[in-house]
> 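Input: one structure, supplied below.
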There are 2 protein chains.
Amino acid sequence: MSASTENFLKTIYCFQKLEARDTKPGSIAKALGISNAAATDMARKLSEKDLLEYRKYQALQLTPKGESLALQVIRKHRLWETFLYRTFDMSLLEIHNEAELLEHATSDRMAEILWNYLEKPSFDPHGDPIPNVYGFVDFEKDSKVLFKTEEDREYRIIRLVSNDEEFYSFCCDNKIEIGNEIKVVKQYSKNQLTEISIHGRQIVIPKEFSNNIYVTKVNEQ
Amino acid sequence: MSASTENFLKTIYCFQKLEARDTKPGSIAKALGISNAAATDMARKLSEKDLLEYRKYQALQLTPKGESLALQVIRKHRLWETFLYRTFDMSLLEIHNEAELLEHATSDRMAEILWNYLEKPSFDPHGDPIPNVYGFVDFEKDSKVLFKTEEDREYRIIRLVSNDEEFYSFCCDNKIEIGNEIKVVKQYSKNQLTEISIHGRQIVIPKEFSNNIYVTKVNEQ
DNA sequence: TAAAAGATTTAAGCATACTTAAATATTAAT
DNA sequence: ATTAATATTTAAGTATGCTTAAATCTTTTA
């Protein structure tokens, strides 16, 4: 199972199940930095191996077999992220980039060793759940990005997703961390800014960042 | 730099510099588990990239550039071995096998992080020196395999090399570890056995094992 | 020394993972 | 509804990393 195949399956899985993005060949190609024709070819070939369903001009769908393989890659990715974060002084972006490489060079045995050593973690440092060896606990269904939250409501931060070092730096500086609670004070639609209250401070977050912060509602009292 | 290329260069380097084995295409092919033709082809192509010198019917020689790349792979391999050995409950064979995969998926930055975290180790758990980021401290020139040692002399164990789990198990059971001193009591040439004294015990080692144990003379007093 | 055996090289081919360009289909705009 | 724009697919090609088989070279044996 090559790194290319693994990344292809993983990308489809993440788009479809985690990010509600379309899984047409062009979108996958763009995310992977390859040509459209390469994506179409890969889709056709992986379809022949029963890893996905390819129909001309339709979005790609993983088969159960394809999903299972994607989950194994995701699992290894997140185990490495968790392990690197706990063991070394590395940033969230660094652990992600290294895990992108390591996930394709990790035996199932090595993954099991990491899993046990880490005492079977449920989440990685970005807030993403770590699939167990059999499957995956679905992402929380009622989460949304901060950009789309309602004013005067309280939320808890459950996921941070970005390739931007500045984003993570901003989060760190402002205590925007997994598990912390915030209150959405005001949504400035025209300027696409979100004002929140966190730890007694008011801060304003631009759309580029608020679209990377997943939150879930805190129960009302 | 693909894993195949890295393994090709690494194998040539190990055969030539560490194990005094011939580096003809057939030997490299056998070690890598590929066909002779594939090895010849790879050699020709890597020659075009100035990573080695390929002359028909001659042994392969790495260029300085090829050596440098091989050393980086070896360095990463041994850093991973050392790290895995210290961090997890894994056998010497297991760490070797996992490092064989991980070495090709490790950024230079990740290697540096491992190096510093491990406090710049000089040797890995097999007794092999870990190249620093610029080069390599040559293997000890006066080492030899236990099979070829002289009777009534004292040696120190400096290197253990095998793909055999039983070999490592045997070493573990008998305190055959890097740094330990032994005395060669008798060499039974006919039966190819080596009798040694270690930690007050006499044990007899068959050739299959004694050829995997590298030792260096202890200074005479 | 000649023949046999073994090793290496060349040739032809396959699979994977891409590329660009042209053809085709779908979507958006008017 | 028609045209323009965009996306996807097909076609032809490259590079990598192999394979087997035949040809050639080197080494060993008798």
Side-chain angles (χ1 to χ4, degrees), chain A residues 1-13 15-16 19-63 65-66 69-70 73 100-101 103-105, chain B residues 1-13 15-16 19-63 65-66 69-70 73 100-101 103-105:
Chain A
M1 187 62 53
S2 70
S4 292
T5 297
E6 287 184 345
N7 279 330
F8 202 83
L9 297 176
K10 184 177 94 170
T11 301
I12 294 170
Y13 188 91
F15 276 22
Q16 183 173 23
E19 296 172 31
R21 287 165 73 172
D22 84 271
T23 57
K24 289 190 174 176
S27 302
I28 305 298
K30 188 171 177 185
L32 292 173
I34 61 177
S35 69
N36 289 344
T40 303
D41 259 5
M42 281 288 288
R44 185 184 47 76
K45 275 187 283 190
L46 295 181
S47 172
E48 285 162 13
K49 295 184 184 176
D50 193 36
L51 294 173
L52 60 81
E53 286 173 9
Y54 170 66
R55 292 190 193 79
K56 291 186 192 180
Y57 304 111
Q58 303 297 312
L60 308 174
Q61 308 264 18
L62 294 179
T63 61
K65 185 175 164 190
L69 288 175
V73 179
E100 282 287 310
L101 301 176
E103 75 200 23
H104 306 299
Chain B
M1 185 62 53
S2 70
S4 292
T5 298
E6 287 184 344
N7 279 331
F8 203 82
L9 297 176
K10 184 176 97 170
T11 301
I12 295 170
Y13 188 92
F15 277 22
Q16 184 174 25
E19 297 173 30
R21 288 165 73 174
D22 84 274
T23 57
K24 291 191 174 176
S27 304
I28 305 299
K30 189 173 175 184
L32 292 173
I34 61 176
S35 68
N36 289 346
T40 303
D41 258 7
M42 280 287 287
R44 185 184 49 74
K45 277 189 280 190
L46 294 182
S47 173
E48 286 162 14
K49 295 182 183 179
D50 193 37
L51 294 173
L52 60 82
E53 288 173 7
Y54 170 66
R55 291 189 195 79
K56 291 186 191 181
Y57 306 110
Q58 304 296 312
L60 307 174
Q61 307 264 17
L62 294 180
T63 61
K65 185 174 164 192
L69 288 177
V73 180
E100 282 287 311
L101 300 177
E103 74 199 26
H104 307 298

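Below, chain A is the first sequence line, B the second, and so on; all start at residue 1.
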> Test of understanding: with salt bridge (charged side-chain N to carboxylate O under 4.0 Å, His left out), list the residues that count as partners of B/Lys24, not counting sequence neighbours.
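Listed in chain order: nothing, the list is empty.
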
> Mark yes or no for whether A/Thr63, through its side chain, and A/Leu51, through its backbone, hold a donor-acceptor pair below 3.5 Å.
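Looks like yes, one N/O pair under 3.5 Å.
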
> From CD of B/Gln58 over to P of C/dA7, roughly how many Å is that when rounded to an integer?
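The distance from CD of B/Gln58 to P of C/dA7 comes to 16 Å, rounded to the nearest Å.
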
> Quick one: B/Lys49 NZ to D/dG17 C1', roughly how many Å, whole number?
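Going from B/Lys49 (NZ) to D/dG17 (C1'), I get 11 Å.
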
> Quantified as the angle between the terminal helix axes (five pairs each), what is the overall bend of the helix from C/dT1-D/dA30 to C/dT30-D/dA1 to 10 degrees?
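Answer for the end axes of this duplex: 0°.
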
> Taking for each residue the nucleotide of DNA chain C with the nearest heavy atom, is it B/Tyr54 or A/Leu46 whose nucleotide lies nearer the 5' end?
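It is B/Tyr54 whose nearest nucleotide is closer to the 5' end.
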
> Got a list of protein N/O to nucleotides 22-25 of chain D N/O distances below 3.5 Å?
from   : atom 1 : to      : atom 2 : distance (Å)
D/dC25 : O4'    : B/Tyr57 : OH     : 3.1

> Measure from CG on B/Leu60 to C1' on C/dT9 and round the result to the nearest Å.
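Those two atoms, CG and C1', are 13 Å apart.
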
> Tell me whether the side-chain N/O atoms of A/Thr5 come closer than 4.0 Å to OP1 or OP2 in C/dA17.
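Yes, such a contact exists.
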
> By the 4.0 Å heavy-atom rule, please label B/Lys45 as base, sugar-phosphate, or nothing.
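Here B/Lys45 touches the bases of the nucleic acid.
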
> Who passes side-chain contact (heavy atoms from CB on, under 4.5 Å) against A/Leu62, sequence neighbours left out?
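side-chain contact (heavy atoms from CB on, under 4.5 Å) check on A/Leu62 returns A/Leu9, A/Ile12, A/Tyr13, A/Leu52, A/Glu67, A/Ala70.
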
> Quick one: A/Lys24 NZ to C/dA25 C1', roughly how many Å, whole number?
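After rounding, the reported distance stands at 11 Å.
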
> Nearest whole Å is fine: how far is C/dT16 P from A/Leu9 CG?
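After rounding, the gap between these two atoms is 14 Å.
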
> Show your working on side chain to side chain contact (heavy atoms under 4.5 Å, CB included) between B/Lys10 and B/Glu100 and close with a plain yes or no.
CA-CA 11 Å; B/Lys10 184 176 97 170; B/Glu100 282 287 311; 2.9 Å; yes

> Nearest-nucleotide wise, let me know which of B/Lys56 and A/Ser4 is further upstream toward the 5' end of DNA chain C.
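Result: B/Lys56.
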
> Determine all donor-acceptor pairs shorter than 3.5 Å in which one atom belongs to a side chain in residues 26-46 of chain B; sequence neighbours excluded.
from    : atom 1 : to      : atom 2 : distance (Å)
B/Ser27 : OG     : B/Asp22 : OD1    : 2.9
B/Ser27 : OG     : B/Asp22 : OD2    : 2.9
B/Ser35 : OG     : B/Ala38 : N      : 3.1
B/Thr40 : OG1    : B/Asn36 : O      : 3.1
B/Arg44 : NH1    : B/Glu48 : OE2    : 3.1

> Between C/dA17 atom P and A/Glu6 atom CD, what is the distance in whole Å?
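Between P of C/dA17 and CD of A/Glu6: 11 Å.
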
> Where along residues 28-44 of chain A does a heavy atom come under 4.0 Å from DNA chain D, residue by residue in number order?
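The answer is A/Asn36, A/Ala37, A/Thr40.
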
> Report the distance from atom NZ of B/Lys65 to atom NZ of B/Lys49, rounding to the nearest 0.5 Å.
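Result: 9.0 Å between the selected atoms.
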
> Indicate yes or no: at least one non-hydrogen side-chain atom of A/Gln61 is less than 4.5 angstrom from one of A/Gln16.
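A/Gln61 vs A/Gln16: side chains touch.
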
> Expressed in angstrom and rounded to an integer, what is the separation of B/Glu48 atom CD from D/dA15 atom P?
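Atom-to-atom, B/Glu48 to D/dA15, this comes out as 10 Å.
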
> Tell me: CZ of B/Phe8 to C1' of D/dC18, nearest whole Å?
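Result: 12 Å.
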
> Indicate yes or no for a side-chain donor-acceptor contact from A/Thr23 to the backbone of A/Leu60 under 3.5 Å, with no hydrogens or angles considered.
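Checking the backbone N and O of A/Leu60 against the side chain of A/Thr23, a donor-acceptor pair under 3.5 Å is found.
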
